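Any value given below was found using the heavy atoms of this structure, including those in side chains, with hydrogens, waters and symmetry copies removed. Bear in mind the structure is a predicted one, so any value in this text is a computation, not a measurement. Below, read A as the first sequence line, B as the second, and so on, with proteins coming before strands; counting in each chain starts at 1.
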There are 2 protein chains.
Amino acid sequence: MLRGDITVAIRNAVMSELAEVGYGRLSIEAVARRAGVGKTAIYRRWSNKLEMVMEIISDVAERKVPLPDTGSFAGDLELLLLIVKTALQHRMASQIIPDLMAEAARNPQIAETLQRALRTHQQAVGEKLIGQAVTRGELPEGTDPDVAVDMILGPLYWRLAVARQPIEDDYLEKFTVAVTAALRATG
Amino acid sequence: MLRGDITVAIRNAVMSELAEVGYGRLSIEAVARRAGVGKTAIYRRWSNKLEMVMEIISDVAERKVPLPDTGSFAGDLELLLLIVKTALQHRMASQIIPDLMAEAARNPQIAETLQRALRTHQQAVGEKLIGQAVTRGELPEGTDPDVAVDMILGPLYWRLAVARQPIEDDYLEKFTVAVTAALRATG
DNA sequence: AAACGGCGGAACGCAACCGTTACGTCGTAG
DNA sequence: CTACGACGTAACGGTTGCGTTCCGCCGTTT
């Protein structure tokens, strides 16, 4: 019964508002204004701000990222880094993700939603990437995917989302070499 | 003329409010309530919320962290990781820092203040740590302090402030080994 | 042709907060 | 002892947002 195009407009408006003012200052009225719909259309779909944002975010967060097998660990790693780099450089992601992360520190429901999405991705990516490399003999047997993910995503997230410094052309390349060495050492 | 004890009460209240509700939802009235002072006492000191928070945050952020020379890169690194770990596990830091980082993505003035504090620390720590190690011959000549800082702080920040997973006993130790290997490889 | 239901718009009462002002208290400096 | 000034309290008018309700419009279903 609910009109689909209206729902889409609201979802887009929520994402934009999240990016612009953050969860803390996001208001239903502003979302309605931006989406060009009445408040009633929103309250017909969700009962409050938290529920609305959670439903929309979960939906976006659960889209799977396919990680193809390039045939070598260095190739896989560089591809992964490139994907993450591109994602983190999108305005939406670079504003919304840190904002929700911060909000998660005080709202358990947000925390749980994000953790689930994050951990699912981490595990999937980590286990596939490391598993493939171990199978190929490029990494030692006991390599911990958990630690590996920290070593891979941490620096990139730090640089792009925290320090907000640009990434030069050869950075990913050097970084790939460094991470490979690091993981070989921990095995 | 302004009473010092009142100023201190306000500063503490601001930090607590920042941790609890974040910058976006921080209100002058709530700060006054929490500090047990009148709004007038606040407006007598700062002219608005941004100015107040910036002044207080800058003050906290600029406290230097002394990094002693333990004699070896492994020792220096493990000590640094321990300091950062402890800092990031404090409730105040783990809530306020990500929150302000997120806010920085939309407020240039906050961004500038944080970047200055962050970059100053990064440079100081990075250059000292890496410089010492290079001098001792533990790291190759051309090691980039900038990249090194990413490799060191990134994973820790990721794990503690983003993924919010616990750090086990031997994590820092394994991590030290991994980072050392990584930095030797990039030289 | 009629009934249904989602739609936008407008307004509701309520609450919070803004930044400012007026007032009376109290400690201190002169 | 007096004057000053920082203090808390209280109130101001104005803004914003909440969640709800009622209205009239209009496309779809029957």
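- By the 30° and 60° cut-offs, the orientation of the rings of A:Tyr157 relative to B:Tyr157 is parallel.
- Regarding A:Leu26, its CG atom lies at a distance of 10 Å from the P atom of D:dG17, rounded to whole Å.
- Residues of residues 36-50 of chain B having a heavy atom closer than 4.0 Å to DNA chain D, listed by number: B:Gly36, B:Val37, B:Gly38, B:Thr40, B:Ala41, B:Arg44, B:Arg45.
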Could you check A:Met151 against B:Met151 for side-chain contact (heavy atoms from CB on, under 4.5 Å), going step by step and ending with a plain yes or no? CA-CA 7 Å; A:Met151 297 280 315; B:Met151 297 280 313; 4.0 Å; yes
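- Between the CD1 atom of A:Ile28 and the C1' atom of D:dT16 there is a distance of 14 Å, rounded to whole Å.
- As a whole-Å value, the separation of A:Asp5 CG from C:dG8 P is 9 Å.
- For B:Ser47 (side chain) and B:Tyr43 (main-chain N/O), no donor-acceptor pair under 3.5 Å exists by modelled atom type.
- Between B:Met52 atom CE and C:dC18 atom C1' the separation is 13 Å, expressed in whole Å.
- To the nearest angstrom, P of C:dC4 lies 19 Å from CG of A:Leu2.
- Here the side chain of A:Thr86 pairs a donor or acceptor atom with the backbone of A:Leu82 at under 3.5 angstrom.
- Both tests hold for A:Arg159 against A:Tyr171: distance to the six-membered ring centre under 6.0 Å, angle to the ring axis within 45°.
- In this structure, the CD1 atom of B:Ile6 is 14 Å from the C1' atom of C:dT25, given to the nearest Å.
- A cation-pi arrangement, defined by a distance under 6.0 Å to the six-membered ring centre and an angle within 45 degrees of its axis, is present between B:Lys49 and B:Tyr23.
- Side-chain contact between B:Glu103 and B:Leu114 is absent, with no heavy atoms from C-beta onward closer than 4.5 Å.
- Look at A:Glu168 and A:Lys174 and you find no salt bridge, because none of the NZ, NE, NH1 or NH2 atoms lies under 4.0 Å from a carboxylate O.
- Environment of CD in A:Glu173: sparse, with no more than 12 heavy atoms of neighbouring residues, nucleotides or ligands closer than 6.0 Å.
- In this structure, B:Arg34 places its CZ atom 17 Å from P of D:dG8, rounding to the nearest Å.
- Nucleotide C:dC18 holds its C1' atom 13 Å from the CZ atom of A:Arg25, rounded to whole Å.
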Can you give me the N/O atom pairs linking the protein to nucleotides 13-16 of chain C at distances under 3.5 Å, or say none if there are none?
none

